[in-house]
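What follows is a single structure, written as structure tokens, with notes after it.
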Amino acid sequence: MQHRSEYSKNIILTIFKTRQMMKKFYLKSLLVCVLALLLSSCAEEYTKVIPADAIAVAELDVKSILKKSNLGSHEDKLKDILNVLKKEDKHLRNLINVIESGQSGVDWLKPAYMFLDGEHPYLVLAVDDKKDLENSILSLSTKYDRFQVLYDGEISWIELDGDLVGALTKSTLIIGDEDSRSIYRNMLEHNRDPFFGSEAGKLFNKHVGDATVLVNMQAVPSDIKRDLCRELEYEMGDIDGLDDMYDQLFALQAVANLKFEKGKASVNLYTENMSDDLTNVCGKIDTDELEQVPANDLIGLMALSLNGSRTYEYMEDILNAIRRELDYEDRELLRMLVDVLKNTNGTGVASISGEIDVDEPEVLCLLPVSKRKVTDVLDYMGEELPYMYRLVGDTEHAVITNISGYSYGNVSNSFDKASNAKSCCAYCYLNLRPVADWLVRESSREYRGDVSVALSSLDYADFKLDDDFGMSLNLYLTDDSDNVLAVAVD
């Protein structure tokens, strides 16, 4: 209970102290990126302050994370940490004293929310006891920072050195950088449509994890859209189709979540209203192609299923703009690469094997295009092509490798995670065991044992992209019996 209160109190104090800094738009934009690590769902009373037209909404499921982390078994160590922190700063000492009293006034077992309303970020927490929370806020005051709680019927206003920084009711605490009581009142009295009754809220609920964030580009105010468009035009110049790109960008809705499971942690991204042109350029990976990769000393691989002609149609305007900036030789190389792209149709695979720190690792590229097309490019590049790579085999795909004795279609010890790429249009794999071994070797003798223990449970990581442009980044442990968050805490 104490560590829960400490965590949230630190969040509240940080927002109070950085109020003036967050007046600047670019810092608010940075905060939105940070929010992308949080998330959740629930239509309880305190969540009704979140408006349906919020640009971003994030939730942290504190209860789930505390349970999965098994922090309760480390209570003595947590107390030692708190005692050290008490000596570091007056604000921390005040916070910890409130925490140890067990009467912070915040219900830490309910999800914490943050949202972005226009340019303004807000933090929303569930209130457990309004009077205890008011006392907790007042106890944060120091000689240089004075908090006040002003009573106004059912709403209490929170001020820091005379500036309004938030408000609370018997159910809801909201902290932000707005200095208008009417804005907080409208939220607390639910005078705006609630987020969790909207279409965006339904999308959010569909993909809830231990932490979740939704970005709704449809809710971006027109003045911010205008500024973003001007910035894009300045950076990209006069490119045909830029207006269509704007339309696609501001129609997009995306939800990201973070999940901790037994033997696995994952970050997932789901999109809505993605352009059909973009989704049509990819197909499903042929997992048989991944099985043509030798597993011996494999460090990593990438696979992509691509419809080259559709990809060219989608990128034609951008490629034409690039071509205009190149000299003759580079334009000719680009022309040949575009020719390869147009004739690409199927699954391509690239892998790297050997030791992490060797100068010449073993490389394999399987390309879904005729050898002649690839050979034309390699011949044009001439001496720029490393001599170790050569075309081998007699298959429908081009095979470029320096693996001695490699034979396409005759791999005895093949990549055994090919099934992970099923239904994906792009897949990446990284074997973390050789990476961990290399990090241990590179560590100083003093810390080598600790580094070895910390990395010993890592197995591999992979990235998946499906044909609807849903994405996931996954971390796997060698033992799938324990939750990955508990292993990390231990």
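Since the model is a prediction, treat every value here as computed from it, not as a measurement.
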Run the side chain to side chain contact (heavy atoms under 4.5 Å, CB included) check on Leu458 and Leu475 step by step: do they pass? CA-CA 8 Å; Leu458 298 180; Leu475 174 69; 4.0 Å; yes

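Using bins of under 30°, 30° to 60° and over 60° for the plane-to-plane angle, the ring pair Tyr122/Tyr184 lands in the perpendicular bin. Between Phe196 and Tyr113, the ring-plane angle classifies as perpendicular under the 30° and 60° cut-offs.
Between Met187 and Thr172 the shortest side-chain heavy-atom distance does not fall below 4.5 Å. Between Leu109 and Val62, the closest side-chain pair of non-hydrogen atoms is not below 4.5 Å. Residues Leu455 and Val435 form no side-chain contact, since every pair of their non-hydrogen atoms from C-beta on lies 4.5 Å or further apart.
Salt-bridge annotation for Arg433 and Asp459: present, with a side-chain N of the basic residue lying under 4.0 Å from a carboxylate O of the acidic one. Under the 4.0 Å criterion applied to side-chain N and carboxylate O atoms, Asp53 and Arg192 are assigned as salt-bridge partners. Under the 4.0 Å criterion applied to side-chain N and carboxylate O atoms, Lys417 and Asp462 are not assigned as salt-bridge partners. Under the 4.0 Å criterion applied to side-chain N and carboxylate O atoms, Glu313 and Arg310 are not assigned as salt-bridge partners.
The CG atom of Leu304 sits 8.0 Å away from the OG1 atom of Thr311 when rounded to the nearest 0.5 Å. Within the model, atoms CG of Leu133 and CG of Leu125 stand 8.5 Å from one another, a figure rounded to the nearest 0.5 Å.
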